[in-house]
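Predicted model only: the values in this text are computed from it and were never measured. Labels below follow one simple rule: chain letters A, B, ... track the order of the sequence lines, proteins then strands, and each chain is numbered from 1.
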Number of protein chains: 2
Amino acid sequence: MRDLPPLTELRAFEAAARHMSFKLAAAELGVTPTAISHQIKLLERHCGQPLFRRRPRPLALTWAGEQLFPVVRDGLESFREVLSTVRDGGASGRLRITATNAFAALWLVPRLPKWREAHPSLKLDIVGTDAIIDLKTGEADVAIRYAVKPPADGVGSELMRDTFHVVASPSLVGAEERLLSPAELARFPLIEAEWPPTDTHAPNWRRWQRAASVQYRAVPDLSALASLTFREELHAIEAAIAGHGVAICSDVLIAPELASGALVTVSQITLPGYGFYLVYRDDHPKLVSIKAFIAWITLASAVPQAPAEIPTNTG
Amino acid sequence: MRDLPPLTELRAFEAAARHMSFKLAAAELGVTPTAISHQIKLLERHCGQPLFRRRPRPLALTWAGEQLFPVVRDGLESFREVLSTVRDGGASGRLRITATNAFAALWLVPRLPKWREAHPSLKLDIVGTDAIIDLKTGEADVAIRYAVKPPADGVGSELMRDTFHVVASPSLVGAEERLLSPAELARFPLIEAEWPPTDTHAPNWRRWQRAASVQYRAVPDLSALASLTFREELHAIEAAIAGHGVAICSDVLIAPELASGALVTVSQITLPGYGFYLVYRDDHPKLVSIKAFIAWITLASAVPQAPAEIPTNTG
DNA sequence: AAGTGTAGATGAATTCATTTCATCTACACT
DNA sequence: AGTGTAGATGAAATGAATTCATCTACACTT
């Protein structure tokens with residue numbers, strides 16, 4: 001005996017159980033009530049016991065019917081939903097873009113007005129997360145990943161790379177731009193974002209100190225002195241803008257602030273960052289839209305961003 | 001267009017996706033690989049896009065296929081499981097009995113050796129819970145409910161009723177059995193179990209006090225004096241046995257202790273309790289086993305329980 | 001009590017979805 | 001170049017699903 005009966009039987013049963021009526025189930029499925037009666041009879045034979053109590057009216061589910069109904073109903077409903085998603089997969093005029101929190105907030109979202117000008121009918125849903133979303137799940141159409149090397153779960157291309165600079169607010173270090181020695185830096189609160197513990201090449205104070213040791217004979221243990229560590233790179237940047245300390249920041253993320261003077265570099269020693277990679281699946285039903293986005297963001301990354309307005313009050 | 005394609009197509013797709021092979025899917029389903037090819041072609045037409053990448057080998061799921069596969073796989077698996085449950089519904093040599101915690105622990109479980117003597121091949125799973133399990137869910141085959149009136153979700157019959165007595169350990173009130181006035185009772189810690197706040201007729205000290213006021217002119221506010229309240233009736237009983245105070249307890253649950261002298265009644269004022277009701281569905285596939293259990297427990301309730309051994313050390 | 005209407009049951013006949021058969025294609029391997 | 005394999009395709013065959021015709025068991029009305 002097959003482990004599953006013909007699924008036609010389950011569909012008939014589910015409709016009849018939902019309506020508590022063979023006649024209404026027949027109407028819904030576009031067959032005669034006789035077809036429903038036959039299908040349910042077959043399913044009851046398969047189960048070895050009745051699924052409905054026919055008399056007295058109205059119909060009622062038996063114990064077996066009660067066990068079966070919610071499972072079949074939920075299963076068929078999940079089929080409908082996913083089939084609808086798949087059918088509409090190429091139709092919806094929206095793309096779901098995932099990017100790291102900081103990149104989404106500081107680089108991508110500020111440029112969305114330009115995107116809208118270029119593509120008014122193609123909406124973007126931006127999902128900021130530092131977690132890696134596997135494109136196979138369908139949770140995102142395009143991913144912008146910050147990584148050491150190109151990702152492997154789709155077509156990947158490098159959008160840009162960044163460089164980490166030591167920066168501070170003029171309110172902290174003075175209006176005139178001047179470079180500070182490591183010993184001078186050590187006098188300020190040092191700000192950095194957290195990186196995965198396994199990332200030994202992270203552009204943080206520890207790595208900067210190693211780089212500084214090449215030029216300076218006596219470099220303080222800046223890593224131990226770092227006193228303001230943020231889970232979100234975004235928050236580290238905000239703290240630096242607010243004048244809370246000296247920070248190591250990605251030039252991609254603080255380009256507007258560097259341009260406006262809200263942040264100034266205070267050391268010529270910089271650290272190469274990683275790459276921003278675009279990833280998508282080339283069998284995606286929205287490939288045309290995805291390629292339009294790829295083209296746009298590639299162009300956008302070649303255009304300097306406007307200087308940031310210097311905020312007069314930071315919350 | 002129907003909201004669901006023929007489910008034969010989904011079954012073919014799921015098997016092919018699971019095996020990553022039309023040939024192996026065909027073997028599993030007992031058809032030719034051509035049948036699988038046709039079925040999947042039809043499903044792809046329904047979805048408006050391919051579900052498999054055929055070349056290069058091996059087969060791979062497309063984006064649409066990746067969306068569809070886990071949902072269909074899980075749905076079909078849940079169908080298999082519930083159909084198996086329903087098919088085996090009457091075959092399994094076990095009954096699942098649910099009862100209140102106290103009744104299960106103090107009345108039913110102690111009698112299971114007698115049950116095993118009478119029905120060695122019919123295993124019982126006892127589920128102690130003070131929550132009401134709706135028999136429709138199939139989580140229990142028989143319910144023993146403690147309630148004011150017979151339940152309505154199945155065939156119900158009253159097993160027995162109980163009476164609440166004021167009792168204490170001889171270690172607390174002395175070896176000779178004597179009755180205490182309300183004022184004398186108030187000198188001891190008073191123990192009771194919690195009842196639902198909405199149950200205004202609960203057999204607790206508040207209700208006992210109202211009953212006592214009929215015979216005694218000045219009855220202390222025993223409800224306010226009650227200082228040991230337990231979520232579990234079982235624990236209230238254990239505290240009384242341990243000599244921690246005077247308690248109001250169901251005679252059904254402490255029959256062995258009353259018989260052995262581990263607990264003694266210290267007032268002639270008693271409170272009628274509620275009823276213990278047996279409930280089951282008469283369309284249950286295990287009806288024969290259920291009726292055997294009903295017959296046994298009805299007989300067992302007419303037989304006095306052996307006195308409890310007086311424990312020399314209570315933890 | 002008789003007549004009427006309704007929902008589900010049943011078996012035979014019909015319809016149509018599923019499957020097989022025969023042949024082809026596109027590789028990978030020798 | 002020859003061989004083997006897995007999937008593709010269209011026509012034909014098979015069998016599951018459905019309809020048709022009739023029946024049954026009520027509930028309701030007269």
Side-chain angles (χ1 to χ4, degrees), chain A residues 1-62 64-65 69 72 76 79 83 283, chain B residues 1-62 64-65 69 72 76 79 83 283:
Chain A
M1 177 183 279
R2 281 170 165 172
D3 67 336
L4 279 175
L7 299 177
T8 314
E9 296 172 11
L10 294 178
R11 191 178 60 188
F13 163 74
E14 189 269 339
R18 182 161 31 84
H19 290 290
M20 276 306 155
S21 163
F22 290 19
K23 181 180 179 183
L24 292 176
E28 179 184 294
L29 296 180
V31 298
T32 62
T34 314
I36 300 297
S37 184
H38 277 308
Q39 287 295 314
I40 289 174
K41 187 61 122 187
L42 290 171
L43 185 57
E44 285 175 331
R45 193 172 298 162
H46 185 94
C47 293
Q49 52 185 309
L51 301 171
F52 287 95
R53 186 205 68 208
R54 269 67 160 189
R55 289 283 182 186
R57 297 287 206 251
L59 292 178
L61 287 170
T62 61
F69 176 52
V72 174
L76 294 181
F79 293 170
L83 283 159
D283 60 356
Chain B
M1 177 183 280
R2 282 169 164 176
D3 67 337
L4 278 176
L7 298 177
T8 311
E9 295 171 13
L10 294 179
R11 191 179 59 187
F13 164 74
E14 188 270 338
R18 184 163 29 86
H19 289 291
M20 276 307 153
S21 163
F22 289 19
K23 181 180 180 183
L24 293 176
E28 180 184 294
L29 297 178
V31 298
T32 63
T34 315
I36 302 298
S37 185
H38 277 306
Q39 287 296 314
I40 289 173
K41 188 61 127 188
L42 290 170
L43 186 58
E44 286 174 333
R45 194 173 294 163
H46 184 93
C47 293
Q49 52 184 309
L51 300 171
F52 287 95
R53 186 205 67 207
R54 270 68 160 187
R55 289 281 180 186
R57 295 287 206 255
L59 291 178
L61 287 170
T62 61
F69 176 52
V72 175
L76 294 181
F79 292 170
L83 282 159
D283 60 355

Shortest side-chain distance from [X], nucleotide among [options]:
X: B/P6; options: D/dG7, C/dG8, C/dT18; value: C/dT18
X: A/K23; options: C/dA7, D/dA17, D/dG7; value: C/dA7
X: A/H38; options: C/dT19, C/dA12, D/dG7; value: C/dA12
X: B/R54; options: C/dC27, C/dA9, D/dA8; value: D/dA8

Rounded to the nearest angstrom, tell me the gap between atom [atom1] in [X] and atom [atom2] in [N].
X: B/R53; N: C/dC27; atom1: CZ; atom2: C1'; answer: 14 Å
X: B/R55; N: C/dT25; atom1: CZ; atom2: P; answer: 14 Å
X: B/Q39; N: D/dA8; atom1: CD; atom2: P; answer: 13 Å
X: B/L42; N: C/dC16; atom1: CG; atom2: C1'; answer: 13 Å
X: B/H46; N: C/dT18; atom1: NE2; atom2: C1'; answer: 17 Å
X: A/E9; N: C/dT18; atom1: CD; atom2: P; answer: 14 Å

Item checked: Identity of whatever pairs with C/dC29 - Watson-Crick or G-U, under 3.5 angstrom ->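 D/dG2 is the nucleotide pairing with C/dC29.
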Checklist line | Pair partner, D/dA16 [Watson-Crick or wobble, under 3.5 Å] | finding: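 Here D/dA16 is engaged in a pair, and the nucleotide opposite it is C/dT15.
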Next item on the list: May I have the step-by-step check of side chain to side chain contact (heavy atoms under 4.5 Å, CB included) for A/E28 and A/R18, ending in yes or no?
Entry: CA-CA 11 Å; A/E28 179 184 294; A/R18 182 161 31 84; 2.8 Å; yes
Can you tell me if the side-chain N/O atoms of [X] get under 4.0 Å from OP1 or OP2 in [N]?
X: A/S37; N: C/dA9; answer: yes
X: B/T32; N: C/dT20; answer: yes
X: B/K41; N: D/dT9; answer: yes

Margin query: Using modelled atom types and a 3.5 Å cut-off, is there a donor and acceptor pairing between side-chain atoms of A/T62 and backbone atoms of A/L51?
Written below: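 Such a contact is found between A/T62 side chain and A/L51 backbone.
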Checklist line | Under 3.5 Å donor-acceptor, B/R45 side chain and B/I40 backbone | finding: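 Side chain of B/R45 to backbone of B/I40, a donor-acceptor pair under 3.5 Å: no, none is there.
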Check: Taking all atoms of both residues into account, what is the closest heavy-atom pair of B/F52 and B/A17, and its distance?
Finding: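 Shortest heavy-atom contact: CZ-N, 3.6 Å.
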Next item on the list: Select from A/R57 and A/G30 the residue whose nearest nucleotide in DNA chain D is closer to the 5' end of that strand.
Entry: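 Whichever sits nearer the 5' end wins; that is A/G30.
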Note to self: Taking any heavy-atom pair under 4.0 Å as a contact, classify B/I36: base, sugar-phosphate, or nothing.
What the structure shows: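 Here B/I36 touches no strand at all.
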Next item on the list: Quick one: label A/T34 by what it contacts on the DNA or RNA (base, sugar-phosphate, nothing), any heavy atom closer than 4.0 Å.
Entry: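 Result for A/T34 = base.
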Note to self: Could you walk me through whether B/E44 and B/Q49 satisfy the side chain to side chain contact (heavy atoms under 4.5 Å, CB included) test, starting with their C-alpha distance in whole Å, then the side-chain angles of each, then the deciding distance to 0.1 Å, before giving a yes or no?
What the structure shows: CA-CA 5 Å; B/E44 286 174 333; B/Q49 52 184 309; over 6 Å; no
